[in-house]
Structure formats: C-alpha cells, structure tokens
Amino acid sequence: VLLCSCLSDLREDDVPPCTAENKPVIESQCNVLKSDKFKACHNLVKPEDFVQICIYDMCQYDGMKSTLCDIVQVYVDNCKNHGITIKWRNSTFCPLPCPPHSHYTDCVSTCPSTCNDIFASSLCEKTEKCTEGCECDDNYVLSNGKCVPLSKCGCRDDDNNYYSVSILWNKSLAVK
C-alpha cells in the first residue's frame with residue numbers, strides 16, 4: 001500500500017506586484033473581458049477568474065500589452081470551445097500583425113490557396129473550422145509562406161508536376 005500526502009502550502013497568498021499608480025489602469029484594461037463585446041460568453045465562461053489572472057500577470061509584467069492580449073485570447077478560445085465565436089481584435093486593440101499583401105480576418109480558411117493549388121480554399125471542406133489569422137489580399141496566394149501575386153506563380157505539366165517561375169526561367173535559359 002502506497003500512501004502519499006502533500007505538504008501544506010505555507011506561502012502567503014500572492015498579491016499582484018502593482019504600483020498604486022498602475023493598478024487602476026491595469027484593472028480597467030483587464031475589465032474589458034466584462035464588457036458587452038464578450039457578453040455572449042459570460043454565462044458559459046465566467047470572466048472574473050480571467051480578469052484576476054490578467055491583473056496579476058499585467059502587474060507582474062509592468063502592464064505589457066501582449067500579456068493582456070494573451071489572456072483575452074485564452075478567454076476567447078474557451079468561449080469558442082463552448083460554441084461562441086467572438087470578434088474581438090481590431091486595428092487598435094491587440095492587432096495581429098500580418099505580412100505584406102495580407103490582412104487579418106477572424107475566420108481564415110485552414111487550407112488557403114497557394115501557387116501549388118490556387119483552388120485549395122474553394123475546394124476545402126466547408127465543414128472545416130476556420131481560425132483567426134492572416135489571409136492573402138485579392139489576387140495574391142501563398143508561396144513559401146509569403147503572399148505573392150498570382151502572376152508570380154508557376155504552372156503544372158501534363159503529369160501534374162508543379163514548376164515555380166524560377167525553375168521555368170532557368171529551364172528556358174538552358175534551352176536557348
């Protein structure tokens with residue numbers, strides 16, 4: 001018979017290391033989770049615990065905005081797990097930086113169009129869950145993780161082999 005016991009936790013309760021001047025600002029920022037923007041989820045995922053975690057972490061990291069965004073993201077992910085999708089990011093609140101020729105959307109296809117398969121997103125299973133992220137602008141597709149103009153994509157031969165523009169260019173020089 002194996003008996004286990006835990007030692008009692010003798011630590012004092014952790015108090016957020018806030019200064020008197022930054023605590024009200026941090027509390028105000030974290031209370032965004034109690035706002036109407038997140039109201040649709042409040043009955044399923046209580047925001048109070050997330051607000052307390054937010055206050056503690058924001059105080060710990062001296063009000064670092066990315067900390068707030070991370071906590072809000074976790075709250076939104078919990079809501080999504082309960083079937084509630086919340087559009088919460090915008091250009092001023094926790095914007096998601098996107099590479100050139102792309103833009104943020106709250107519901108991007110999990111199988112985007114690429115130079116290798118420009119019809120991928122339209123042929124993607126419509127039941128696929130979308131996720132927030134960056135998608136290429138109109139007339140641009142992914143190629144090696146970057147959004148490039150369709151005109152920079154290569155082509156396929158009769159055996160369905162894909163050739164990038166650089167390979168085609170090198171082959172055309174070799175033929176001359």
Side-chain angles (χ1 to χ4, degrees), residues 6 8-114 118-149:
C6 295
S8 60
D9 186 355
L10 300 175
R11 296 176 296 173
E12 294 189 24
D13 288 340
D14 283 338
V15 176
C18 274
T19 62
E21 65 221 23
N22 71 0
K23 189 171 183 183
V25 172
I26 287 172
E27 285 176 343
S28 171
Q29 290 173 332
C30 292
N31 278 326
V32 71
L33 289 170
K34 294 180 181 178
S35 71
D36 286 346
K37 184 176 288 256
F38 302 94
K39 189 175 185 176
C41 190
H42 288 167
N43 289 333
L44 298 168
V45 181
K46 303 289 182 216
E48 290 79 12
D49 290 340
F50 289 87
V51 170
Q52 291 309 308
I53 291 166
C54 178
I55 293 168
Y56 184 88
D57 287 357
M58 291 274 291
C59 288
Q60 186 71 35
Y61 295 105
D62 200 27
M64 194 164 59
K65 285 279 199 246
S66 62
T67 305
L68 171 64
C69 297
D70 290 345
I71 299 284
V72 173
Q73 181 65 62
V74 171
Y75 183 80
V76 168
D77 289 345
N78 273 272
C79 294
K80 196 169 205 166
N81 290 339
H82 286 85
I84 305 291
T85 300
I86 297 173
K87 297 178 183 182
W88 64 282
R89 289 187 192 269
N90 60 43
S91 60
T92 57
F93 185 72
C94 299
L96 192 65
C98 291
H101 310 294
S102 67
H103 58 276
Y104 169 80
T105 179
D106 61 322
C107 186
V108 67
S109 173
T110 54
C111 44
S113 296
T114 65
I118 60 171
F119 301 110
S121 62
S122 61
L123 299 174
C124 189
E125 288 289 322
K126 295 302 177 199
T127 57
E128 282 286 327
K129 290 183 179 177
C130 63
T131 183
E132 72 170 350
C134 300
E135 72 179 356
C136 293
D137 296 338
D138 289 343
N139 298 314
Y140 283 80
V141 294
L142 277 177
S143 179
N144 296 323
K146 296 179 182 173
C147 292
V148 299

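- Taking a 6.0 Å sphere around CG of Asp138, one finds it holds 12 or fewer heavy atoms contributed by other residues, nucleotides or ligands.
- Applying the side-chain contact (heavy atoms from CB on, under 4.5 Å) test between Tyr104 and each of Pro97, Cys98, Pro95 identifies Cys98 as the sole match.
- Contact between Lys46 and Asn43 at its shortest, heavy atoms only, is NZ-O, 3.7 Å.
- Annotation: side chain of Leu142 is in contact with side chain of Cys136 (closest heavy-atom distance under 4.5 Å).
- Of the inter-residue distances, the one linking Glu135 atom CD with Cys147 atom SG reads 9.0 Å to the nearest 0.5 angstrom.
- Annotation: side chain of Gln52 is not in contact with side chain of Asp49 (no heavy-atom distance under 4.5 Å).
- In this structure, His42 contributes its side chain and Leu33 its backbone to a donor-acceptor pair below 3.5 Å.
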Check residues 63-77 and write down every donor-acceptor pair under 3.5 Å in which the side-chain atom is one partner and the other belongs to a residue at least two apart or another chain.
unit_1	atom_1	unit_2	atom_2	d
Thr67	OG1	Met64	O	3.4
Gln73	OE1	Arg89	NH2	2.9
Gln73	NE2	Asp77	OD1	2.8
Tyr75	OH	Val45	O	2.7

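- Residue Cys134 comes nearest to Pro99 through the heavy atom pair SG-CD, 4.1 Å, listed as atom of the first residue, atom of the second, then distance.
- Within a 6.0 Å sphere centred on CZ of Phe93, heavy atoms belonging to other residues, nucleotides or ligands number more than 12.
- Between Ile86 and Cys79 the shortest heavy-atom distance is CD1-SG, 3.9 Å.
- Taken from CD in Glu27 to CG in Asn22, the straight-line distance is 10.0 Å, to the nearest 0.5 Å.
- Here Asn78 contributes atom CG and Cys41 contributes atom SG; the two are 7.5 Å apart, rounded to the nearest 0.5 Å.
- Contact annotation: the side chain of Glu132 never approaches that of Thr105 to less than 4.5 Å [non-hydrogen atoms, C-beta and beyond].
- With sequence neighbours excluded, no residue forms a ring pair (Phe, Tyr, Trp, His ring centres under 6.0 Å) with His82.
- Pairs engaging residues 92-102 under the side-chain hydrogen bond (donor to acceptor under 3.5 Å, both in side chains) rule: Asn90-Thr92, His101-Tyr140 [sequence neighbours left out].
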Walk me through whether Ser28 and Asn31 qualify under side-chain hydrogen bond (donor to acceptor under 3.5 Å, both in side chains). CA-CA 5 Å; Ser28 171; Asn31 278 326; over 6 Å; no
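- Cys18 places a side-chain heavy atom less than 4.5 Å from the side chain of Ile26.
- Note that the CZ atom of Phe50 and the CZ atom of Phe38 stand 11.5 Å from one another [nearest 0.5 Å].
- Considering only heavy atoms from C-beta on, Val32 stays 4.5 Å or farther from Trp88 through its side chain.
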